[in-house]
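Everything on this sheet refers to the single structure shown next.
Numbers for residues simply follow the sequence, beginning at 1.
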Amino acid sequence: MVKESSLEARGRYGRRHPRPGLTTASVVAAGRRVIERDGLDALTMRAVARELGTAATSLYRHVADRDTLLLSILEQIAEGLPVEVPGDSPEERLLRRLVEAHDYLADHVWVLHILIRGDLVAETAFSFADACFADFMEAGLSPQEALTAYGACWHLMLGELLAQHPLVPPREPSQRSLAVERVDPDRLPAFVRVLRASEEAGGEGEDAFSGPVAGLLRALLDRAR
């Protein structure tokens, strides 16, 4: 006769193998995997549950809802923003910090589509903003000027990333490239002149952000100088 304790260990359908317990960290990691593999729109509680091999209801012990999960993922990404960077002057440090942040976020462009909703913010990103504010004020800007300058640089970064790093690369030739090719130089002479200059310079290249942000910083700090 089989002992009752032995039956309990085996379970009704054979030996049971306990599954590792869920944690908030494992749920956040699974959510991030879903986004990075399938896109931001694919993130649902059911999709995360499938990723973890569990029921969606079990996730609510660790995250209240999809927005809570999004915020946790956002916090995790924001921890990677550069804060302490080398540089002998505030302008050097600001330029390096902004360029490094741009390059980092270029690998996580989907994060920007969470940010532009306007209702979620990662508190872990505040250290990055604080370091930028400190350098702007050390360069001679007032607190209000530092806020304005930071906003200008941040929005330049977001705009460049959203425009030049689409979530899904367009098919070529894209409608945009075909429209540009059809531009009439007699009707839009300045437009064509700028396009030709860009082509002669080899396009935007690696300086698509670092060049413009360096010029913006110089203009912003000129008043302090």
Decide yes or no for Pro212 and Glu160: does some side-chain heavy atom of the first lie under 4.5 Å from some side-chain heavy atom of the second?
-> no
Paired with Thr124, the side-chain hydrogen bond (donor to acceptor under 3.5 Å, both in side chains) test is passed by just one of Gln76, Glu79, Glu75, namely Glu75
Just how far is it from atom CD1 of Ile77 to atom OG of Ser72, taken to the nearest 0.5 Å?
-> 12.0 Å
Quick one: does Glu172's side chain get under 4.5 Å of Ser177's, heavy atoms only?
-> yes
In terms of hydrophobic clustering (I, L, V, M, F, W, Y; side-chain heavy atoms under 4.5 Å; direct or indirect links), are Met45 and Leu40 co-clustered?
-> yes
Please, which pairs that meet salt bridge (Lys or Arg N to Asp or Glu O under 4.0 Å) have at least one residue in residues 62-74, sequence neighbours excluded?
-> Asp67-Arg117
Shortest non-hydrogen pair, Ser58 vs Leu22, comes out as OG-CD1, 3.5 Å
Considering all heavy atoms of both residues, which atom of Ala55 and which atom of Ala49 are nearest to each other, and what is their separation?
-> C-CB, 3.8 Å
Those residues at least two apart in sequence (or on a different chain) that pass salt bridge (Lys or Arg N to Asp or Glu O under 4.0 Å) with Arg96 are Glu100
Residue set satisfying ring pair (Phe, Tyr, Trp, His ring centres under 6.0 Å) with His108, at least two apart, ordered chain then number -> Tyr104
For Glu51, all residues meeting salt bridge (Lys or Arg N to Asp or Glu O under 4.0 Å), sequence neighbours excluded | Arg33, Arg37
Pairs where residues 128-149 contributes a residue and the test salt bridge (Lys or Arg N to Asp or Glu O under 4.0 Å) is met, not counting sequence neighbours | Arg93-Asp135, Arg93-Glu138, Arg97-Asp135, Glu145-Arg223
Separation between CG (Leu52) and OG (Ser26), nearest 0.5 Å, reads 5.5 Å
Report yes if some heavy atom in the side chain of Leu115 is under 4.5 Å from a heavy atom in the side chain of Trp154; otherwise report no.
-> yes
Side-chain heavy atoms under 4.5 angstrom apart, residues restricted to Ile, Leu, Val, Met, Phe, Trp, Tyr: same cluster for Leu74 and Leu158?
-> yes
Check the pair Phe136, Leu217 against side-chain contact (heavy atoms from CB on, under 4.5 Å), reporting the backbone distance first and the verdict last.
-> CA-CA 9 Å; Phe136 276 123; Leu217 283 172; 3.8 Å; yes
Shortest non-hydrogen separation from Gly31 to Leu69 and the atoms involved = CA-CD2, 4.4 Å
In this structure, CG of Leu220 is separated from CD of Glu91 (nearest 0.5 Å) by 9.5 Å
Is Asp41 atom CG crowded by more than 12 heavy atoms from other residues, nucleotides or ligands, each under 6.0 Å away?
-> no
Drop me the distance from Glu36's CD to Asp107's CG, to the nearest 0.5 angstrom.
-> 10.0 Å
Just by modelled atom types, is the Arg171 backbone N or O under 3.5 Å from a matching donor or acceptor in the Ser174 side chain?
-> no
For the pair Tyr150 and Phe133, evaluate ring pair (Phe, Tyr, Trp, His ring centres under 6.0 Å) and give the outcome as yes or no after the intermediate values.
-> CA-CA 7 Å; Tyr150 174 78; Phe133 291 149; 5.0 Å; yes
Are Leu162 and Leu81 in one and the same hydrophobic cluster, where Ile, Leu, Val, Met, Phe, Trp and Tyr link if side-chain heavy atoms are under 4.5 Å apart?
-> yes
Taking every non-hydrogen atom, the tightest pair across Val48 and Ala30 = CG1-CB, 3.9 Å
Parallel, tilted or perpendicular: which fits the ring planes of His165 and His102, with parallel below 30° and perpendicular above 60°?
-> perpendicular
Thr148 side-chain N/O to Gln144 backbone N/O, donor-acceptor pair under 3.5 Å = yes
When clusters are formed by joining ILVMFWY residues with side-chain heavy atoms under 4.5 Å apart, either directly or through shared neighbours, do Ile116 and Leu70 land in the same one?
-> yes
Where is the tightest heavy-atom contact between Phe128 and Pro82, given as atom of each residue plus distance?
-> CD1-O, 3.0 Å
Can Ile73 be reached from Leu167 by stepping across I, L, V, M, F, W or Y side chains whose heavy atoms are under 4.5 Å apart?
-> yes
Trace of the side-chain contact (heavy atoms from CB on, under 4.5 Å) decision for Phe209 with Leu161 = CA-CA 9 Å; Phe209 176 72; Leu161 286 168; over 6 Å; no
Reported CG-to-CG distance for the pair Leu221 and Leu94, which is rounded to 0.5 angstrom = 7.0 Å
Considering only distance and modelled atom types, tabulate donor-acceptor pairs under 3.5 Å from the side chains of residues 184-192, sequence neighbours left out.
residue: Asp184; atom: OD1; partner: Asp186; partner atom: N; Å: 2.9

Neighbour count >12 (heavy atoms, 6.0 Å) for atom CG, Asp88 | no
Step by step, would you call Leu59 with Thr54 a side-chain contact (heavy atoms from CB on, under 4.5 Å)?
-> CA-CA 8 Å; Leu59 303 184; Thr54 189; 4.1 Å; yes
On a heavy-atom basis, the closest approach of Ala122 and Ala78 is CB-CB, 3.7 Å
Does any non-hydrogen side-chain atom of Thr68 lie less than 4.5 Å from one of Tyr60?
-> no
